[in-house]
Amino acid sequence: MASVRVRFAPSPTGFVHIGSLRTALYNYLFARRNNGVFVLRIEDTDRTRYVEGATENLIRVLNWAGLVPDEGPEQEGPYGPYFQSQRTEIYHRYAQELIESGRAYYAFDTPEELESMRSGKLPQSASSTRYNFLIRDSMCNSLSLSHRDVERMLADGMPYVVRLKMPADRIFNVEDIIRGHVEFDSKEIDDQVLIKSDGYPTYHLANVVDDHLMQISHVIRGEEWLSSVPKHLYLYECFSWQAPKMAHLPLIFNPDGTKMSKRDITSLADLPEGKVDPDVESYIRAGFERDAILNAIALLGWNPGDGHEQEVFSVTELIESFGLERVNKSAAIFDLQKLRWLNKEHLGRMDEGDLLERLKPGLAIKGWDRFSDDYYTRVIGLLKSRLSFVNDFFEYGAYFFQDPSEYEEKGLKKRWKAQSANLMLEFCQEIDKLKSFNAGAIEEALRQVAERHDVGGGQIIHPVRLAVSGFSVGPGLFDLLEVLGKERVIKRLKKAVEVIPALLQQ
RNA sequence: GCCCCCAUCGUCUAGGGGUUAGGACACAGGAUUUUCGAUCCUGCAACAGGGGUUCGAAUCCCCUUGGGGGUGCCA
């Protein structure tokens with residue numbers, strides 16, 4: 001089997017689109033699954049849209065996602081440079097070859113003339129509104145002009161582009177891995193510009209030349225490229241090169257079915273109804289886990305199928321089960337709810353030590369960094385299944401690091417009864433006597449007090465939770481108390497008995 | 001306009017001639033007499049429409065409708 005080499009070939013526009021990340025992910029997964037090579041190539045041939053820092057940003061996001069290329073701007077590779085803007089001589093060489101063999105030609109038409117042609121205003125252009133076989137002879141190019149005129153115009157430095165001379169009577173057959181057989185009639189295809197007047201190539205020329213030179217075996221990219229495949233196929237043919245296999249991925253949409261587009265918002269909550277943010281970094285900033293994001297987008301258009309109903313995947317598991325054959329044809333809507341759920345699942349499954357590492361910066365900021373790793377681990381054990389986001393830890397678990405400063409009002413009203421204070425005090429006395437302050441012993445003590453007063457356990461459990469944590473919800477009480485430790489529990493219970501009745505008076 | 005792609009619960013999807021059309025998110029209800037945002041259980045909910053082909057179509061074919069992409073000296 002020929003070796004697998006795939007590429008992710010984004011143009012640096014300033015931010016990484018969620019759809020681009022998925023394309024990168026699928027390329028990466030495919031490469032890893034097939035012991036192949038994952039190449040990153042920067043398609044920066046549009047100088048008019050150059051965005052400062054966009055490439056650095058792109059690479060940073062890819063690295064964050066763990067989709068680290070085997071070859072690319074940051075990795076040595078035998079097929080560089082990996083910036084198309086640094087490969088212009090190469091493209092010119094191949095464009096020249098096409099011109100010499102009569103498959104491409106110089107064109108001198110001005111933007112204004114092209115616009116007139118497209119709008120059908122040019123007198124001689126009634127036959128077509130696109131630059132193709134019907135009209136090329138009446139335009140200003142090396143096909144319609146005399147050889148001498150062309151030489152002179154070139155010598156005079158007249159701006160020109162190089163266009164591909166698309167044959168009029170061909171059917172191009174595409175065998176797409178995802179879509180199957182697709183046919184295109186060359187009559188529908190115009191004479192694509194290959195080299196722009198600024199000397200840079202268009203995507204079409206550059207991607208064919210580079211994919212060939214870089215020995216790309218499979219082109220995995222978005223569906224928006226499907227209709228330009230015949231142009232690419234024709235170029236491969238002109239050069240007598242073998243075209244790589246192709247797989248065109250379905251698009252990803254907003255919840256309302258519209259295209260995802262960048263807008264200026266400061267948080268995901270500010271998104272207009274039915275919209276979602278296309279910028280990957282927004283999700284990173286919002287606190288989503290890398291694995292959850294990757295898991296979510298992997299599932300947009302792909303599934304393990306056939307009896308496999310797994311939803312939560314690590315990247316390793318994705319690599320093991322990924323295959324292009326199971327990629328869907330139809331576009332998918334990006335679902336924030338599912339992302340949230342996946343984030344929670346990933347957090348819940350995370351190793352406690354790993355979670356602690358994620359938490360450490362936040363703990364430091366909060367000033368809660370003077371506890372032992374063992375203590376943190378126990379707290380994480382109690383809390384991790386309840387976290388939707390890492391940062392929920394600091395809210396849900398605050399009382400493990402500092403005394404509660406207030407008590408949840410609704411909980412107080414519901415749970416704190418007239419006899420609560422007395423029960424608390426008696427419970428204090430009981431646990432004070434305990435030699436081993438563990439969940440089992442604590443529960444036994446509490447049940448005893450409840451029995452003595454002929455009340456249900458809940459009559460003590462709920463007020464204690466409130467007193468000790470300030471919250472009406474949380475982990476199982478006895479585990480919680482054990483982790484907190486006798487001293488702090490008693491201190492907080494006593495304080496609550498003093499403070500709460502007054503609060504309830506108000 | 002023209003070309004191309006797509007079409008199963010609200011969403012992501014399984015299923016590719018015979019299924020009570022399965023799962024997941026979301027939503028709703030219940031359980032857990034230790035709460036809940038945790039956990040478990042249950043429920044709600046779909047084959048876009050019309051023609052064929054066939055003993056039998058969600059599945060195959062055609063048309064319509066709807067959605068999307070392309071039609072650039074953008075990628």
Side-chain angles (χ1 to χ4, degrees), chain A residues 9-13 43-46 48-49 84 107 109-111 114-115 118 129-131 159-163 174 176 178-180 182-185 187-190 192-204 206-207 221-230 248 250-251 253 255 257-259 296 299-312 326 328-342 344 348 382-388 392 396 411 414-415 443 446 456-458 460-462 464-466 469 471-480:
Chain A
S11 71
T13 55
E43 311 240 329
D44 55 352
T45 55
D46 186 350
T48 62
R49 296 187 196 185
Q84 289 188 328
D109 314 271
T110 64
L114 291 174
E115 201 188 326
R118 290 200 181 97
T129 55
R130 58 203 313 171
Y131 213 119
Y160 68 90
V161 300
V162 176
R163 282 183 184 271
V174 182
D176 188 274
I178 294 168
R179 276 147 220 291
V182 186
E183 274 185 18
F184 294 89
D185 189 330
K187 285 187 185 61
E188 304 291 338
I189 303 160
D190 51 3
Q192 183 58 235
V193 170
L194 301 176
I195 301 282
K196 297 180 268 191
S197 56
D198 64 2
Y200 284 90
T202 57
Y203 172 86
H204 306 283
N207 108 88
R221 87 249 271 194
E223 196 198 286
E224 69 269 27
W225 294 111
L226 187 58
S227 27
S228 37
V229 171
H248 287 88
L251 269 17
F253 293 132
T258 57
K259 206 173 165 179
L299 255 19
L300 287 178
W302 171 86
N303 72 84
D306 240 3
H308 297 90
E309 286 176 342
Q310 184 177 356
E311 300 276 343
V312 184
R326 295 214 57 90
N328 260 282
K329 293 185 177 77
S330 48
I333 286 171
F334 185 75
D335 184 10
L336 247 170
Q337 295 289 357
K338 188 121 180 194
L339 208 212
R340 283 180 67 93
W341 174 76
L342 282 168
K344 189 169 184 304
L382 291 183
L383 249 26
K384 74 170 180 175
S385 69
R386 323 178 83 89
L387 308 175
S388 288
D392 289 343
Y396 298 171
K414 188 174 172 193
R415 304 293 192 185
E443 174 160 15
L446 186 141
I460 305 177
I461 288 165
H462 299 302
V464 169
R465 177 191 301 287
L466 244 3
S469 73
F471 290 109
S472 62
V473 302
L477 183 73
F478 305 115
D479 294 322
L480 188 162

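For the numbers below, each heavy atom of this structure counts, side chains included, while hydrogens, waters and symmetry mates do not. Keep in mind the model is a prediction, meaning the values are calculated, not measured. Residue numbers start from 1 in every chain, and the chains themselves are labelled A, B, ... in the order their sequence lines are given, proteins ahead of strands.
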Of the candidate nucleotides [options], which contains the atom at the shortest distance from the side chain of [X]?
{"X": "Asp335(A)", "options": "A38(B), G37(B), C25(B)", "result": "C25(B)"}
{"X": "Glu311(A)", "options": "C25(B), A38(B), A24(B)", "result": "A24(B)"}
{"X": "Ala332(A)", "options": "U35(B), A26(B), U13(B)", "result": "U13(B)"}
{"X": "Glu223(A)", "options": "A24(B), G68(B), C3(B)", "result": "G68(B)"}

[atom1] atoms of [N] and [M], separation to the nearest Å:
{"N": "U39(B)", "M": "A75(B)", "atom1": "P", "result": "48 Å"}
{"N": "C6(B)", "M": "C60(B)", "atom1": "P", "result": "12 Å"}
{"N": "G10(B)", "M": "U32(B)", "atom1": "P", "result": "33 Å"}
{"N": "C4(B)", "M": "G18(B)", "atom1": "C1'", "result": "35 Å"}
{"N": "C62(B)", "M": "A26(B)", "atom1": "P", "result": "40 Å"}
{"N": "U11(B)", "M": "A46(B)", "atom1": "P", "result": "12 Å"}
{"N": "A58(B)", "M": "G50(B)", "atom1": "P", "result": "11 Å"}
{"N": "U20(B)", "M": "C47(B)", "atom1": "C1'", "result": "15 Å"}

Base versus backbone protein contacts along nucleotides 70-75 of chain B [heavy-atom cut-off under 4.0 Å; B, S, -]: SSBBBB

Using a 4.0 Å heavy-atom cut-off across all strands, classify [X] as base, sugar-phosphate, or nothing.
{"X": "Phe253(A)", "result": "sugar-phosphate"}
{"X": "Pro475(A)", "result": "base"}
{"X": "Tyr396(A)", "result": "base"}
{"X": "Ile333(A)", "result": "sugar-phosphate"}
{"X": "Ser472(A)", "result": "base"}
{"X": "Lys384(A)", "result": "nothing"}
{"X": "Ile461(A)", "result": "base"}
{"X": "Arg340(A)", "result": "nothing"}
{"X": "Arg221(A)", "result": "nothing"}
{"X": "Gly348(A)", "result": "nothing"}
{"X": "Gly458(A)", "result": "sugar-phosphate"}

Assign each of Leu300(A) and Leu251(A) to its nearest nucleotide of RNA chain B by heavy atoms, then name whichever residue's nucleotide is nearer the 5' end.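 Here Leu300(A) is the residue nearer the 5' end.
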
For RNA chain B, whose closest nucleotide is more 5', that of His462(A) or that of Arg179(A)?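 With His462(A) and Arg179(A) compared, the 5'-side residue is Arg179(A).
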
Of the non-hydrogen atoms in [X] and [Y], which two are nearest, and what is the gap between them?
{"X": "Ser197(A)", "Y": "Val161(A)", "result": "N-CG1, 3.7 Å"}
{"X": "Lys259(A)", "Y": "Phe253(A)", "result": "CA-CD2, 4.0 Å"}
{"X": "Arg415(A)", "Y": "Leu466(A)", "result": "CB-CD2, 3.8 Å"}

Return the nucleotide paired to [N]: Watson-Crick means purine N1 to pyrimidine N3 with N6-O4 or O6-N4, wobble means G-U with N1-O2 and O6-N3, both under 3.5 Å.
{"N": "U39(B)", "value": "A31(B)"}
{"N": "A48(B)", "value": "U64(B)"}
{"N": "U71(B)", "value": "G1(B)"}
{"N": "G18(B)", "value": "C55(B)"}
{"N": "U11(B)", "value": "A24(B)"}

Please identify each residue that fulfils side-chain contact (heavy atoms from CB on, under 4.5 Å) with Pro201(A), with sequence neighbours left out.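 Residues passing side-chain contact (heavy atoms from CB on, under 4.5 Å) with Pro201(A): Thr45(A), Thr88(A), Tyr91(A), Ile195(A), Leu205(A), Ala206(A).
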
Would you check if there is a donor-acceptor pair between the side chains of Arg179(A) and His248(A) at a distance under 3.5 Å?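 Distance-only check fails for His248(A) and Arg179(A).
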
Is Asn303(A) near enough to A24(B) that one of its side-chain N or O atoms lies under 4.0 angstrom from OP1 or OP2?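 Checking Asn303(A) against A24(B): no side-chain N or O falls below 4.0 Å of OP1 or OP2.
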
Distance below 4.0 Å between Lys344(A) side-chain N/O and A26(B) OP1 or OP2: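 Looking at the OP1 and OP2 atoms of A26(B), neither is under 4.0 Å from any side-chain N or O of Lys344(A).
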
Taking ring pair (Phe, Tyr, Trp, His ring centres under 6.0 Å) as the test, write out the residues that go with Trp225(A), two or more places apart.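 For Trp225(A) the ring pair (Phe, Tyr, Trp, His ring centres under 6.0 Å) partners, ignoring immediate neighbours, are Tyr203(A).
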
To the nearest 0.5 Å, how far apart are CG in Asp335(A) and CG in Leu299(A)?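 Interatomic distance, Asp335(A) CG to Leu299(A) CG, rounded to 0.5 Å: 11.0 Å.
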
Just do the salt bridge (charged side-chain N to carboxylate O under 4.0 Å, His left out) check on Lys338(A) and Glu311(A) with the steps written out, would you? CA-CA 10 Å; Lys338(A) 188 121 180 194; Glu311(A) 300 276 343; 3.0 Å; yes

